[in-house]
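One-based numbering along the sequence shown. Note that these values count all heavy atoms, side chains included, but never hydrogens, waters or copies made by symmetry.
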Amino acid sequence: MVVTLIIACEVGFWVLLALGLALRYLARMPRTGAAVLLLEPLLELALLIVTAIDLKNGASADWKHGLAAVYIGYTVAYGHYTIKWVDGHVAHRFAGGPRPVKHYGLARFRHELKLVLRTVLMVVVAVGLLQGAIWYVGHDGDTASLRHWQMMSLRILIIHGVIALTYLVFPSKAPRRAASGEAARPQEKSLR
């Protein structure tokens, strides 16, 4: 049941996001669209409650409960960011909004560091929820799977940190077209 609810929450997240943005930009109902987007956290709250009830009813703590904790942590850390990112792209595509910014070089590294900080938040939330579940199950139950997910969360953080460092060691470069377009703009201003 927990796995089904995790899948339902993920599908629900994208359905609510699509519906909220459609109301906001296609139907020109920005307040209604924002209200739909505010329903997103209720999905994670439902997942948290169902996971706690599942453990309370005697289910052995296993990978499903660990996955639920990491999913909730991810949503807490990246949910708003994801909504904002998709909103920016939809606004650009359908409402004449500004083109989303692409980062290169040191700016890309700084952007990646901000994402690593989000991953730190994800890990803190996930490890905290998992530790709460370990205490909740107590010494009588098997909590090895939950402890495994705690370590898995820390590995995710380390891997993300290493990936972010690669943007410092091997900085990305702007495409030639974008770089030449940026160089042409100051010259145009000086001609006027």
Side-chain angles (χ1 to χ4, degrees), residues 5-48 67-126 129 153 156-189:
L5 189 58
I6 291 171
I7 294 168
C9 285
E10 182 64 16
V11 170
F13 175 86
W14 291 104
V15 167
L16 286 175
L17 182 58
L19 179 61
L21 294 176
L23 287 169
R24 196 169 184 174
Y25 295 109
L26 300 178
R28 308 243 187 263
M29 301 169 67
R31 288 186 180 197
T32 306
V36 169
L37 292 175
L38 288 173
L39 295 174
E40 300 276 0
L42 295 178
L43 295 172
E44 281 63 42
L45 182 60
L47 178 59
L48 183 62
L67 180 62
V70 172
Y71 178 80
I72 291 170
Y74 178 85
T75 305
V76 167
Y78 283 96
H80 179 71
Y81 174 81
T82 303
I83 291 170
K84 189 175 174 183
W85 184 84
V86 173
D87 183 47
H89 281 78
V90 171
H92 170 68
R93 178 83 166 107
F94 295 106
R99 178 179 297 278
V101 176
K102 290 187 179 184
H103 303 284
Y104 300 100
L106 194 55
R108 176 63 187 244
F109 173 67
R110 285 191 297 266
H111 174 73
E112 291 298 322
L113 279 181
K114 290 176 185 175
L115 293 179
V116 168
L117 291 176
R118 288 185 180 278
T119 303
V120 168
L121 175 60
M122 177 197 84
V123 169
V124 167
V125 170
L129 288 172
S153 299
I156 290 168
L157 176 60
I158 291 167
I159 291 168
H160 192 182
V162 169
I163 291 170
L165 283 176
T166 64
Y167 285 99
L168 180 62
V169 177
F170 307 106
S172 59
K173 296 179 182 174
R176 287 183 180 251
R177 187 179 69 195
S180 64
E182 293 296 323
R185 285 186 189 146
Q187 292 173 353
E188 290 172 5
K189 288 181 182 178

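- There is no side-chain donor-acceptor pair under 3.5 Å between Tyr78 and Arg118.
- With a 4.5 Å cut-off on side-chain heavy atoms, Arg108 and Lys102 do not count as touching.
- A 4.5 Å side-chain heavy-atom check between Phe13 and Glu40 finds at least one atom pair inside the cut-off.
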* Asked: Between Val36 and Leu17, is a side-chain contact (heavy atoms from CB on, under 4.5 Å) present by the stated rule, with each step listed?
  -> CA-CA 8 Å; Val36 169; Leu17 182 58; over 6 Å; no
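- Heavy-atom minimum distance, Tyr25 versus Ala91: OH-CB, 3.5 Å.
- Side-chain atoms of Leu48 and Leu129, non-hydrogen and from C-beta on, do get closer than 4.5 Å to each other.
- The distance from atom CG of Leu121 to atom OH of Tyr81, rounded to the nearest 0.5 Å, is 14.5 Å.
- You'll find the side chain of Asp87 reaches within 4.5 Å of the side chain of Arg24, heavy atoms only.
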* To do: Apply the test side-chain contact (heavy atoms from CB on, under 4.5 Å) to residues Tyr167 and Leu106: give CA-CA distance (whole Å), side-chain angles for both, the deciding distance (0.1 Å), then the verdict.
  => CA-CA 8 Å; Tyr167 285 99; Leu106 194 55; over 6 Å; no
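- Of all the heavy atoms in Ala164 and Phe109, the pair that sits closest is O-CD1, 3.2 Å.
- Across Ser153 and Ala126, no two heavy atoms sit closer than the pair OG-CB, 4.0 Å.
- In this structure, the side chains of Val70 and Val125 stay at 4.5 Å or more apart for every pair of heavy atoms.
- Annotation: side chain of Leu16 is not in contact with side chain of Leu37 (no heavy-atom distance under 4.5 Å).
- For the atom pair Thr75 OG1 and His80 NE2, the distance stands at 14.0 Å (nearest 0.5 Å).
- To the nearest 0.5 Å, atom CE of residue Met122 and atom NE2 of residue His160 are 9.5 Å apart.
- In this structure, Ile7 and Glu10 have side chains that are not in contact, with every pair of non-hydrogen atoms separated by 4.5 Å or more.
- Rounded to the nearest 0.5 Å, atoms CD1 (Ile72) and CG (Leu67) are 10.0 Å apart.
- Residues that satisfy the side-chain contact (heavy atoms from CB on, under 4.5 Å) test with His92, not counting sequence neighbours, are Arg99, Pro100.
- Put simply, CG on Leu43 and OH on Tyr71 are 7.0 Å apart, with the number rounded to the nearest 0.5 Å.
- Summarising the geometry, atom OG1 belonging to Thr119 is positioned 7.0 Å from atom CG belonging to Leu115; distances are rounded to the nearest 0.5 Å.
- For the pair Leu157/Val116, a side-chain contact is recorded, criterion being any heavy-atom separation below 4.5 Å from C-beta on.
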